[in-house]
Amino acid sequence: MYGIVSSVKRDYIVDLAKHGKRVDGRGFDQFRDVSVRTDVIKSANGSAEVKIGNTRVLVGVKIQHAEPFPDMPESGVLMVNAELRPLASPSFELGPPGEGAVELARVVDRGIRESDAIALDKLGIKSGEDVWAVFIDIHVLDHDGNLIDASALGATAALLNIKPPEDEAWTLQEFPIQKRPVAVTVSRINDRLMVDPCLDEEDVADARLTITTVEDGSICAMQKGGAGYLSREQIEEAYHLARTKAEELRERLR
Amino acid sequence: MYGIVSSVKRDYIVDLAKHGKRVDGRGFDQFRDVSVRTDVIKSANGSAEVKIGNTRVLVGVKIQHAEPFPDMPESGVLMVNAELRPLASPSFELGPPGEGAVELARVVDRGIRESDAIALDKLGIKSGEDVWAVFIDIHVLDHDGNLIDASALGATAALLNIKPPEDEAWTLQEFPIQKRPVAVTVSRINDRLMVDPCLDEEDVADARLTITTVEDGSICAMQKGGAGYLSREQIEEAYHLARTKAEELRERLR
Amino acid sequence: MYGIVSSVKRDYIVDLAKHGKRVDGRGFDQFRDVSVRTDVIKSANGSAEVKIGNTRVLVGVKIQHAEPFPDMPESGVLMVNAELRPLASPSFELGPPGEGAVELARVVDRGIRESDAIALDKLGIKSGEDVWAVFIDIHVLDHDGNLIDASALGATAALLNIKPPEDEAWTLQEFPIQKRPVAVTVSRINDRLMVDPCLDEEDVADARLTITTVEDGSICAMQKGGAGYLSREQIEEAYHLARTKAEELRERLR
Amino acid sequence: MEKPEKLIVDGKRLDGRMPDELRSLRIEAGVLKRADGSAYVELGENKVLAAVYGPREMHPRHDQQPDTAVLRCRYNMAPFSVEDRKRPGPDRRSVEISKVIREALEPVLFLKLYPRSVIDVFIEILQADAGTRTAGINAASVALADAGIPMRDLVSAVAVGKVEDTIVLDLTKEEDQLGTTDMPIAIVPRKQLVTLLQMDGHLTEDEFKRALDLGFRGCAQIYEVQRQALREKYGVKEE
Amino acid sequence: MEKPEKLIVDGKRLDGRMPDELRSLRIEAGVLKRADGSAYVELGENKVLAAVYGPREMHPRHDQQPDTAVLRCRYNMAPFSVEDRKRPGPDRRSVEISKVIREALEPVLFLKLYPRSVIDVFIEILQADAGTRTAGINAASVALADAGIPMRDLVSAVAVGKVEDTIVLDLTKEEDQLGTTDMPIAIVPRKQLVTLLQMDGHLTEDEFKRALDLGFRGCAQIYEVQRQALREKYGVKEE
Amino acid sequence: MEKPEKLIVDGKRLDGRMPDELRSLRIEAGVLKRADGSAYVELGENKVLAAVYGPREMHPRHDQQPDTAVLRCRYNMAPFSVEDRKRPGPDRRSVEISKVIREALEPVLFLKLYPRSVIDVFIEILQADAGTRTAGINAASVALADAGIPMRDLVSAVAVGKVEDTIVLDLTKEEDQLGTTDMPIAIVPRKQLVTLLQMDGHLTEDEFKRALDLGFRGCAQIYEVQRQALREKYGVKEE
């Protein structure tokens, strides 16, 4: 997921950070323009397109029959898949998902799964034989940094956009969403923390910490990334940043 | 499927074509020697070996039980697979079928499927559970050009050669063949159209158009290939060539 | 499975062999220290760790429900898999099993299968639907030569170590072991035969012959390996060596 | 899907179109930031995105051609673009379509200008309703122009078909599934040369000729919209 | 597995441990012959082996980095290490774990010392009982030291979790499955820097801080055992 | 397949052969146009084709050996060659057989003559009836000679087995499945050296010696047919 930047650009960005500045003039706690459009794909049960600056992610949700897992015979099934399509970046390659795509999908998955955003226990049909599967497909279209936040926001938005399948086995009034998890990734460059890095910033960042919170500010998932470290103080600061920004982003959902 | 030819050879072949000639002295509308031998593989339900000049293709058909597709619960299943075995050409590589093999299989498949050559609707056994699957496996043994025509002819010949499986679920008198589709590929070199290119001609051809016709001359499948173009007039000329030659080739079937 | 040795080392080992000696001073019919520890993995039904000199192989057996093969509806299923883990040798690579791992697994498999070491016919549960599958997984941890003998010994030891699954479908008193196959690989360097080559010897060996015998000295499996040949006399000599050493190794089982 | 009694009533199709009428078509050039060129096409219910990267260095290196650039195309359907979720990754259908799209575009490119390099064309089907390969060609062709790749002309493509013995332009999914024949065609409009032609179904000689006629006319309409998209992006009038 | 009524009774866990108590831990350095460095870790019922190869020449060559060594990690579960036999080969879980382990180890390595080369870390889970990724980091870290790779410090890791509203150290499989929260953490002990942090479940702000506290304390204990293992192998006192 | 009561009646096998009798054998050299060398073998109901390419440049390049050619073999069964259609592509069985065939052929080749190059041997089983690997070796060996590759000698191969306590030559599929033992063997006939030997089933020491005897004798017969095939192709008498 990381590209290569020239050392000149690296020095420039790090130097700016030391002086409290960012390449595009934003504050460290400031997102780029965020737009969330839902209901963009008719063939999906729910969909959303999220743009954060130039970054653009399309998320589609399909609801289909599936077999349950043996140890959860009455529970619906959640599947999150991410495709870093090669049209989105010169660094994305053809072929099966690499570690970047796998991590992206799993971080989004955990935010939804661990917050119980979907009442999977209501998605059984016939015990041990038939349940509803919720396929969340993240399709990255343009990559200018911060894919995790864009994808997670798109996934929650697409879930909120779901129209139940036209199938007589579907008996609920509406799709059972219980929580609105929102992921915010905080990156460290030199010793400064910032949200929503653009790609150039992401490429020079030492480490990142994604914190997914729900409405009450409690955490449902975290993921540190990058080949650097974070101090204890930075982690706590990141939590406060993430919680505050998640509230802002959550307002974009409906 | 395309090899690389020296520019000397290319110039020679193109030059010949301009003067109305071919490397082996044939007319532009003339096939090399064609031979069709059937019943060559005992372990197959039907089989045929087709030679066109030095090109040699073995086609085997297996008839086995399978599950139907959900939207066609009483219909048999047709599967066409092509293997460009590396023994057939230095340009064929080990590994899963490449785009050349996939295209070859799909063009042959469409000729058979779209002409309703096989009455698949008669190949059900138990609705939604059990039907007959017809596996047509194209095994290319020696590649000297024009694999599509050889493979398609072999497939139709092998279908006509089928002995029903010895299985109590088989209730038809004989295997239900309704049409005899034949593919003819017309290649353009410079501005000349010709049938049955040998490998050297194929390598320098600008474009090809495969037209599969049935007994009454109507078209059931077409496929343009190659990195060049065809004019409208060339397409119509190709149709007439293909129709005429298909009639000749069809006489080789039984 | 073969590495590359310098020609100096090769000449040295071959020269020693000509003079009746081995790099570590052993006799040609002498194994390195052999240790067999069983019951080393709690999550397996049976397990064994075999060390032969520095070579170290861990074998775990899992017993699980499975579908029978259609032609053996009441018979249990045996699966042997070998993983040459890259931690065991710089020459082992990531990725699916290569030909070395496949051969290793299949030679061990045949020793067990062909000797009827397991009474698979007693491992049916419900005819045509449910049988016991015996998964033998060979996990190579440290490779200093003679993996076949170590793996085969580990497999037999792990089978003898099996505690039946805690499952109400299991009705036998104990796991039905009938034979104790032991594989001994005899290698030829120049014109000398020797057992239990270390890796350096294995790398310069011309050929090897693995002979798996059971208690009465009869042969249940053989496999010649390596890019060289064996004379008829060498084969007979190898049999006698293998039979004698197998008796010694068999004493290490329980 | 319930089968309607007739697909053509009083000379009109189920969506109200005449037999020779295109669905609504929207093309936008330069819609992606990272790609060197890009285009978005909406054709009826189809939503298609194409991106071009290159000419750029070819990897793996032994695939480099000493005297020419290599054109690579990849056609991909998003999992949610179709009725039943499509499992990600290439299947035989997309492998074949990628190949015929590449061969449809190659005749208008001057690949010899860029030896040892590669031009990548990625086509993503975001929502599918029959005609995705031709919509993909239309998008890719505009994306190539947007990337500044020298071209002899654009390539314009459309599907023609036969529905209840009527030759019709630009099939919907319903018409494709219930009709008998689908014939995608791609054309280099100025020289009127065909660079893609496939067909499956049933056409007599006469029907075939009428289908070709209709395909050429449909492509001419699409060509205008493609050119308009580029004019809008670059704000210049073509000569 | 039958669900027990309570996981914590009278302040003690089902296996008798206090909430802030580690399972029994044994670490041995230099256990493999062929690897350049290796270590074996037993943590409760976990059995983990790590091996290091390198710095060695990077293949394929085009993955070489001109100014630095590349660290590669591969976490793998043996098929018999878990309740239901695991099919061999990487799955999505192990791909992700391999990535976060690499990123947990990389901060203590001086990779720039070995341009164009690769350091490979292989972690094999032979028997699993929750906490395998952190046990793997502990093993890998000792194996790197055993291989003589220059390091700023070791990396020490442990999982913290929440079980019935109690923050506990070093979850067992039972606690992991029945509890609500799992938070693996890795630390560079001397500088108290975090190199791995993951979490799934539910933590309030206050719980999160207490979990961090407990994680730091647990890692300090593990660090001592790691150093002891190296002292035993090399028979020298650390300064 | 219904199990017959006895496989050997009055000293004769079900197909009328004596225990030490080969099935009908036909070998033809030089049957393919594109390959550098080729051969076709019919042994009973087996139909096998082998082709040789090389010595040619080795790709990928990092598999080149600076001091020797590399021999690659690939044994493949056509999907229609067996009772139940075989799914295309290599399986574990064919991977192993490809390896032992390569090791059976390598001893007669002078690979050091062609450093950095590769010799490819492709064996296609078109119709299978037990003994395909040995038939493949017989075909490959003739194909190598047909390709003009310098060889110390041909390699001749056959399967020996045990059926109802009788040691028999050249098992049919029925004998292979109902008998107890299968022992394929390959020999360099002039020097009487064994280059392939596999066995599964049950043999006592005495049976093993008799099986070896029979294998050597069977290979001698096959050797004659191989040489005859080459004589017919090249129209010269061997000295």
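A, B, ... follow the sequence lines: proteins, then strands. Residue 1 opens every chain. From a predicted model like this one, the values you see are computed outputs, not experimental measurements.
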Winner by heavy-atom pair count (cut-off under 4.5 Å) against chain C, out of [options]:
options                    : value
E/L49, E/D36, E/L32        : E/L32
E/A35, E/G54, E/A78, E/S38 : E/A78
E/V52, E/I123, E/V82       : E/V82
E/P88, E/A128, E/P90       : E/P88
E/E83, E/R56, E/R85, E/E45 : E/R85

Check whether E/Q127 gets within reach of chain C through its side chain, its backbone, both or neither, counting any heavy atom under 4.5 Å.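 Both backbone and side chain.
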
Is chain C contacted by the side chain of E/R74, its backbone, both, or neither, given a heavy-atom distance below 4.5 Å?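 When you check distances to chain C, only side chain atoms of E/R74 fall under 4.5 Å.
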
Identify which part of [X] has an atom lying under 4.5 Å from any heavy atom of chain E, answering side chain, backbone, both or neither.
X     : answer
C/L94 : side chain
C/P96 : neither
C/N81 : side chain
C/K42 : both

Carboxylate-amine/guanidinium contact [X] [Y], below 4.0 Å:
X      : Y      : result
E/E103 : E/K99  : yes
C/D142 : C/K51  : no
C/D203 : C/K9   : no
E/K233 : E/D146 : yes

Any chance CG of C/D33 has more than 12 other-residue heavy atoms, nucleotides or ligands included, within less than 6.0 Å?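 No, the 6.0 Å shell around CG holds no more than 12 heavy atoms from other groups.
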
Greater than 12 external heavy atoms within 6.0 Å of C/F69's CZ: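 12 or below, so no.
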
Return the CD1 to CG distance between E/I119 and E/L105, rounded to the nearest 0.5 Å.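 Here the rounded value is 10.5 Å.
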
